[in-house]
Protein chains: 2
Amino acid sequence: MRRDARRNVERLATAAGQIFRERGLDAPLEEIAKAAGVSAGTLYNRFGGRDALIDAVMPDVVEAKVREAMVRAEAEADPWDGFTLYLTLLCEMQATDLAVSDAVSRRYADAKRLNEICEAQMDGVRGLIAKAHAAGRLRADFTAEDLPYLLWTTSTVVRATASRAPDAWRRALAFTLDGLRPAAAHPLPAPPLTAEQVHAVMLDLGAKRSGQGR
Amino acid sequence: MRRDARRNVERLATAAGQIFRERGLDAPLEEIAKAAGVSAGTLYNRFGGRDALIDAVMPDVVEAKVREAMVRAEAEADPWDGFTLYLTLLCEMQATDLAVSDAVSRRYADAKRLNEICEAQMDGVRGLIAKAHAAGRLRADFTAEDLPYLLWTTSTVVRATASRAPDAWRRALAFTLDGLRPAAAHPLPAPPLTAEQVHAVMLDLGAKRSGQGR
DNA sequence: CCCTAAGTTGAGGTGGCTATCAACTTAGAA
DNA sequence: TTCTAAGTTGATAGCCACCTCAACTTAGGG
């Protein structure tokens, strides 16, 4: 690849990182091209489309953030504290970075690397959940497939309140977490989603234009 | 008004009712005009714009549904049962009628009648909450201003899962409700939104094009 | 320094939606 | 029946976003 082409790839990646973060993964690609100082055509030449751009930009960011959260969560002595800390950190990320919020609550069909990282993350969460279950600190009927409810909720609350009450999600999350302790448990009216359903639903979300996005 | 004009108003209102219900209050107005068998121009002639159309079509529907839910809720002997029944019915409406889902979780600046009805409904909910508080059956720190969190959550879950797991919201709601019992309560990290913040946020949501779209 | 493959550009086609308006049609009173 | 105010229409302009491509520019090897 020629030097100028490589330079443009880098500029585009940087711009995409910034703009995705500010406006979510549905941000107009033209905006990104403009921020990178190139034309939209170049963006398509270099990346081919939105999903490929996402897959070029997001995985590293997401993996780093998610890994750090996991490290901190696993450092907690109490499994419940670990579980809730992880969720809180995840929501914090969602609140400060719309790109992460989208990456974590949707799936983009052609962003393979990103999907793998998200799957890996889910496995990590399964571990946290298992530990909390084993310690009797998390209601037994909560499964990893229920996690998306939390992510969708936070993502919605965050987007709705970001400009007017940026900490509102903490309150909403606290209500939810209080429902996840064993003592709070009452029989649930429906079984959890299957992993396939979760995947399919998240793909649907990623395929829709405009999300809740600007 | 001429007879044909009145007839068109009726056709448009009927079509709007149907299409809003299926696709939400962001449905393309052209679609509605087409379903009514008139041109888009006529829709604008008769109603002037989306908000006016919403305000012409939705208030009666919403009021009827909300009133019935309130009647049934107030018929419950236990205030907690009343409160949760009301929320469940509200969510059921959201699940079966995207228009109601939008009407209840957003505000449209120029839909005055609808806004009044939503405000009135909020007052009813305040009553339910007060009774449940008085009976010690609802955690004391839950306020009417926290209700939107539930509505936003359900609205998101319903839209995401409608086509693949139409009952998923029941499980998500159950987790949430389990967090609202007094026994589940742990200190909350942030104060509730003010009524003004809730209003402003809901207006923002209504003003965005495409919501979770289609 | 020249030449060409690699790369960029920006204009333009596509599509979806909103909103308006001059030209046409029609209800219904006189 | 006639006439006109009321009403409808379809074309159109404006947005915004996606995506493509022929024409142009340039890096960098020979």
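Convention: sequence-line order gives letters A, B, ...; per-chain numbering from 1. Just so it is clear, the structure is predicted and the values come from calculations on it, not from any experiment. Values reported hereafter were calculated over all heavy atoms of this structure, with side chains retained and with hydrogens, waters and symmetry mates removed.
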Asks: Given side chains that start at C-beta, do those of A:Trp152 and A:Val201 come closer than 4.5 Å, heavy atoms only?
Replies: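 Yes - at least one pair of side-chain heavy atoms lies under 4.5 Å apart.
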Asks: Taking CG from B:Leu25 and C1' from C:dT18, how many angstroms apart are they, rounded to a whole number?
Replies: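 Computing the B:Leu25:CG to C:dT18:C1' distance gives 17 Å.
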Asks: Rounded to the Å, how far apart are A:Tyr44 OH and C:dT9 P?
Replies: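 Value for this atom pair: 15 Å.
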Asks: How long is the span from the CD1 atom in B:Ile129 to the CG atom in B:Leu147, to the nearest 0.5 Å?
Replies: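 With rounding to 0.5 Å, CD1 (B:Ile129) is 6.0 Å from CG (B:Leu147).
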Asks: Among D:dT8, C:dA27, C:dT8, which nucleotide has an atom closest to any side-chain atom of B:Ala5?
Replies: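 Given the options D:dT8, C:dA27, C:dT8, the side chain of B:Ala5 is closest to D:dT8.
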Asks: Look at the aromatic rings of B:Trp80 and B:Phe83 and report parallel, tilted or perpendicular, splitting at 30° and 60°.
Replies: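 Judged by the thresholds at 30° and 60°, the geometry between B:Trp80 and B:Phe83 is tilted.
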Asks: For B:Phe47 and C:dT20, what is the distance between atoms CZ and P respectively, to the nearest whole Å?
Replies: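 After rounding, the gap between these two atoms is 16 Å.
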Asks: Please report the distance, rounded to the nearest Å, between CG in B:Leu12 and C1' in D:dT9.
Replies: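 In whole Å, D:dT9 C1' and B:Leu12 CG are 13 Å from each other.
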Asks: Could you give the CG-to-P distance, from B:Asn45 to C:dC24, as a whole number of Å?
Replies: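 Atom CG in B:Asn45 sits about 17 Å away from atom P in C:dC24.
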Asks: Given atom CD of B:Glu31 and atom P of C:dA19, what is their separation to the nearest angstrom?
Replies: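 The distance from CD of B:Glu31 to P of C:dA19 comes to 16 Å, rounded to the nearest Å.
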Asks: Does atom CZ of A:Arg21 have more than 12 heavy-atom neighbours from other groups under 6.0 Å away?
Replies: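 No, because the 6.0 Å sphere around CZ of A:Arg21 holds 12 heavy atoms or fewer from other groups.
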Asks: With under 30° as parallel and over 60° as perpendicular, where do the rings of A:Phe175 and B:Phe142 fit, or are they tilted in between?
Replies: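 Answer is perpendicular, since the angle exceeds 60°.
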Asks: Measure CD/A:Glu30 against C1'/C:dG15 and give the value in whole Å, please.
Replies: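 Value for this atom pair: 14 Å.
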Asks: Need to verify one output field. Residue with the more 5' nearest nucleotide on DNA chain D, B:Arg2 or B:Ala40?
Replies: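 Comparing both residues, the 5'-ward one is B:Arg2.
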Asks: Is there a side-chain contact between B:Arg46 and the phosphate of D:dT8, meaning an N or O under 4.0 Å from OP1 or OP2?
Replies: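 So the side chain of B:Arg46 is within the cut-off, an N or O lying under 4.0 Å from OP1 or OP2 of D:dT8.
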Asks: Just how far, in rounded Å, is P of C:dA19 from CG of B:Asp110?
Replies: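 In whole Å, C:dA19 P and B:Asp110 CG are 11 Å from each other.
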Asks: Can you check whether B:Ser39 has a side-chain N or O nearer than 4.0 Å to OP1 or OP2 of D:dG10?
Replies: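 No, B:Ser39 has no side-chain N/O under 4.0 Å of OP1/OP2 on D:dG10.
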Asks: Side chain of A:Leu29 only, please: which of D:dC19, C:dT8, D:dT8 is the nearest?
Replies: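 That would be D:dC19.
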Asks: Tell me which of B:Gly49 and A:Met1 sits closer to the 5' end of DNA chain C, going by the nucleotide each one is nearest to.
Replies: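 Looking at DNA chain C, the more 5' nearest nucleotide goes with A:Met1.
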